[in-house]
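Nothing here was measured: the structure is a model prediction, and the numbers come from that model. Residue numbers start from 1 in every chain, and the chains themselves are labelled A, B, ... in the order their sequence lines are given, proteins ahead of strands.
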Amino acid sequence: MASVKPSVPKGMRDFSPAEMVKRNYIFDTIKSVFRKYGYQQIETPTMENLGTLTGKYGEEGDKLIFKVLNSGDYLAKVNEQALTARNSNVVAPSISEKALRYDLTVPFARYVVQHQNEIAFPFKRFQVQPVWRADRPQKGRYREFYQCDADVVGSDSLLNEAEFILIYDEALSKLGLTDFNIKINNRKILSGIAEIIGKPELIVDMTVAIDKLDKIGLNGIVNELLAKGFTQADIDQLEPVILLQGSNTEKLEKLKAILASSAIGLKGITELETIFTYLQSFTLNKATVELDITLARGLNYYTGAIFEVKTNEVAMGSIGGGGRYDDLTGMFGLKGLTGAGISFGADRIYDVLEELNLFPAASNQTTRVLICPFDAAGETYALPLLQQLRNQSINAELYPAGAKIKKQLDYANNKNIPYVVVIGSDEVQSGQLTLKNMQSGEQQKLSADAIIAEITKA
RNA sequence: GUAGAUGUAGCUCAGUUGGUUAGAGCACUAGAUUGUGGUUCUAGGGGUCGUGGGUUCGAGCCCCAUCAUUUACCCCA
C-alpha cells in the first residue's frame, strides 16, 4: 500500500496523554457537579437518523450536519433524473439516511420520547459526548467538540433555572475561574419587545441583531435593523431597551414599564423575578449573575429563560449556554412536555484554563513508581513488588529488562514519574532495594515493604 | 459561501536586492559517565523547501495555478 501522509480531518484533533489528563479533569469536575444536583448520565449514538436532525437547527444548521453515506451500492437506487441533474439536495436523502449528531439536546428529546414509558418525570439527565458540525474551523471552533449538557424535562419549576446558575457557579469556581458572568435573559421578554414595536414576525432578526451589541456597537445594530425592515421609529423604541443600565432589579423595573402592555413580556419578567428570588436563598461562589437584555442565543427552540456564561479573565466566546424550551419533544410527537437545560463548552474551558494556568500541577503524573531492573534476574525479582504496589493502589510499572539504566531513568523523567526503584545484583542479593526520589535525587536502600510504606505516606 | 495570512527537519521557526553545499533551538541517537536521570560538553542521523508549471545563466526567495493549514465575516459552542 502506498504510504499516506498522516493527518486528521479539518477541524478535528488528536488528544495526547497530557491533554487527556487535563480534559478529564474538566469533564470529571463538571460531571461530579451534575451528579450532586441529581442529574443522571446517559449516552446516545454517534449517529442519528438524518430525519431526526434535519429541520431542528434552522436552514443554516441543516447545512452544517455531517451526513453519512449509506453502506453498499448507494448510488444504485438513486433516481436517475436527480442523478443526471446533479442536484445534491434531491440526491442527498437517497444516498444518506444517517448523520453525526449536531448537538446533545435534540438526540435527548428523541430519547425522551422513545423512552417515555420508562422515565420517571421530572427526568434530570446529563450527557458528555462529542458533537460534529461541518463548520469552517477557527479559533475556539472545531468540527468535532465535546458538549457537557444537563437537562431536565417534565418540570416547569423555575427552581431548575436557579439551580442551573448554581451548577455553573459551582463547576466553574471549582475549576479555578474567579471572574465570570452568568448572563440571563428571557425569550418572552424579547417576544414582548417585538410585540410592543409591532413587529413580532421579525423577532428573530431583532434578536440576532441586538445580540451583537458588544461586537458591532449600537450603530452596527441600527444599520442591521434598518436593513432587515425595521423603521427609525421602531429603533427609537428599541434603543432604551438595548442600552438598559443598572442593577438587575432596576433593569426589571424599567422593563416592566416598557412592557406594561405586553402580557407575554410581563410573564417573562415575572419568571426572571422568581429565579432571582430563589437565588436569594443560596450563596454563589465566584459567579456574577447579570440580566442582559441583548442576550438572544441562536437556537430558536428556547421559550423562557436563556443563559450564557462568559469569563472576564480572557478573551473568549461563551463557555456555556442554555435555556428553557417548552416544546422540544413536540417535534417527535410528545406534546406538552417542558424542558430546560445548560451546556458547558469543554473545549473552550480547556483553552481558558490553559491560558490562565489553572490546571493542577499533579495532573501530569500518572505512574508513581517505575521499577528499573539491570538485568533479567532483577526483573524476575521485581515482579512480586510490582504487584504489591498495584495492590496498594499505587500506579506502578516495570521497565522491561535489557535497557540501560540511563534510558530507564530518562523514561521516568519523560513521564514525570516521582519514584524509581533500582534493582541490580546487589539488591537481589541483599533484599535491600534502591528507592530513588526523582525530584530530589536522594536515594536510600530499603526493603520492599519499607518502599511501599514510604511511597504510601508521601 | 466571502476576504486575508501562512506552507522550509519530528516540533517551533530563521533564511538579506534571486547567487555556490538550506540553518538554529527543541526533540531523537551515541559518547564523555562499564550501577544512576533531570545540568553541561561533544558527535551523529534526519529536508522531493506543500505540489505542478513558468521567468532566469541561476529560484526556498519572483510570477501563475493548485492543494493544505489558519484567521476574520456569516452563523454558532
Whole-Å C1' distance, B:rG18 and B:rC49: 15 Å

Tell me what A:Tyr146 touches on the nucleic acid: a base, only sugar-phosphate, or nothing, going by heavy atoms under 4.0 Å. nothing

Are any of A:Lys404's side-chain N or O atoms less than 4.0 Å away from OP1 or OP2 of B:rG37? no

Pick base, sugar-phosphate or nothing for A:Glu442, based on heavy-atom distances below 4.0 Å to the nucleic acid. nothing

Give me the distance, rounded to whole Å, that separates B:rC75 from B:rU16 when you measure between the C1' atoms they each carry. 44 Å

B:rA68 and B:rC26: how far apart are their C1' atoms, nearest whole angstrom? 25 Å

What is the pairing partner of B:rC62, taking Watson-Crick or G-U wobble pairs with both distances under 3.5 Å in any strand? B:rG54

Check the pair A:Asp205 / A:Lys199 against salt bridge (Lys or Arg N to Asp or Glu O under 4.0 Å), numbers first and verdict last. CA-CA 10 Å; A:Asp205 290 325; A:Lys199 295 260 168 42; over 6 Å; no

Between A:Ile319 and A:Lys407, which has a closest nucleotide on RNA chain B that is more 5'? A:Lys407

Under 3.5 Å donor-acceptor pair, A:Arg136 side-chain atoms to B:rU2 base atoms: yes

To the nearest angstrom, the CG-P distance between A:Asp149 and B:rA77 comes to 10 Å

Of A:Asn437 and A:Pro9, whose closest RNA chain B nucleotide lies nearer the 5' terminus? A:Asn437

Any strand counts, and the cut-off is 3.5 Å on both contacts for Watson-Crick or G-U wobble. Which nucleotide pairs with B:rC75? none

Looking at every strand, decide which applies to A:Asp426 at a 4.0 Å heavy-atom threshold: base, sugar-phosphate, or nothing. base

A:Arg125 side chain to A:Gln127 side chain, donor-acceptor N/O pair below 3.5 angstrom: yes

Please report the distance, rounded to the nearest Å, between CG in A:Asp135 and C1' in B:rU71. 14 Å

Heavy atoms only, 4.0 Å cut-off, all strands: where does A:Gly61 land among base, sugar-phosphate and nothing? nothing

For a quick check, tell me whether the side chain of A:Gln443 and the base of B:rU36 share a donor-acceptor pair closer than 3.5 Å. yes

So which nucleotide from B:rC28, B:rU36, B:rG35 ends up closest to the side chain of A:Ile405? B:rU36

Could you state the CZ-C1' distance from A:Arg133 to B:rC75, rounded to the nearest angstrom? 10 Å

Specify the separation, in whole Å, of atom CG of A:Leu64 and atom P of B:rG1. 12 Å

For A:Phe374 and B:rG35, is the gap between ring centres under 5.5 Å while the planes differ by less than 30°? no

Taking the C1' atom in each of B:rA27 and B:rU21, what is the distance between them to the nearest angstrom? 25 Å

Distance-only, no hydrogens or angles: does the A:Asn223 side chain make a donor-acceptor pair with backbone N or O of A:Gly220 under 3.5 Å? no

If you take atom types as modelled and just measure distance, does the side chain of A:Asn413 reach the base of B:rG37 with a donor-acceptor pair under 3.5 Å? yes

Neighbour count above 12 (heavy atom, 6.0 Å) for A:Lys445 NZ: yes

Any side-chain donor-acceptor pair under 3.5 Å between A:Tyr37 and A:Glu170? yes

Taking a pair as Watson-Crick or G-U wobble with both distances under 3.5 Å, which nucleotide is matched to B:rU21? none

Between the base of B:rC75 and the side chain of A:Arg141, is there a donor-acceptor distance below 3.5 Å? yes

B:rU69, B:rU71, B:rA77: which one has an atom nearest the side-chain heavy atoms of A:Lys10? B:rU69

Considering every strand shown, what is the Watson-Crick or G-U wobble mate of B:rU69 when both distances are under 3.5 Å? B:rA5

Please tell me if A:Lys212 has a side-chain N or O lying less than 4.0 Å from either OP1 or OP2 of B:rC75. yes

Can you tell me how far C1' of B:rC76 sits from CZ of A:Arg143, to the nearest Å? 14 Å

Applying a 4.0 Å non-hydrogen cut-off, can you work out what A:Val420 is touching in the nucleic acid: base, sugar-phosphate, or nothing? nothing

Side-chain donor-acceptor contact under 3.5 Å, A:Asp151 with A:Tyr325: yes

Would you indicate which nucleotide in B:rA77, B:rG37, B:rG35 comes nearest to any side-chain atom of A:Glu427? B:rG35

B:rA77, B:rC28, B:rU36: which one has an atom nearest the side-chain heavy atoms of A:Leu409? B:rU36

Taking the C1' atom in each of B:rA32 and B:rG7, what is the distance between them to the nearest angstrom? 40 Å

If pairing requires Watson-Crick or G-U wobble contacts with both distances under 3.5 Å, which nucleotide is the partner of B:rG31? B:rC41

When the P atoms of B:rA22 and B:rG45 are considered, how many whole Å apart are they? 14 Å

Nucleotide B:rC76, atom C1' - distance to CH2 of A:Trp132 in whole Å: 18 Å

Run A:Tyr146 and A:Phe15 through ring pair (Phe, Tyr, Trp, His ring centres under 6.0 Å) and show every step you take. CA-CA 12 Å; A:Tyr146 273 72; A:Phe15 298 113; 7.1 Å; no

Using the C1' atom in both, what is the distance from B:rA24 to B:rA9, to the nearest Å? 11 Å

I'd like to know if A:Lys436 reaches the base of B:rU36 with its side chain, counting only an N/O donor and acceptor under 3.5 Å. yes

Can you list the steps and then say if A:Arg324 with A:Glu271 is a salt bridge (Lys or Arg N to Asp or Glu O under 4.0 Å)? CA-CA 11 Å; A:Arg324 177 167 292 272; A:Glu271 286 182 10; over 6 Å; no

Other residues, nucleotides, ligands: >12 heavy atoms within 6.0 Å of A:Lys228 NZ: no

How many whole angstroms separate atom CG of A:Asp211 from atom P of B:rC76? 8 Å

What is the distance, rounded to the nearest whole Å, between atom CD of A:Gln408 and atom C1' of B:rG35? 11 Å

N/O (side chain, A:Gln138) to phosphate O (OP1/OP2, B:rA72) under 4.0 Å: yes

Whole-Å P distance, B:rC11 and B:rG50: 13 Å

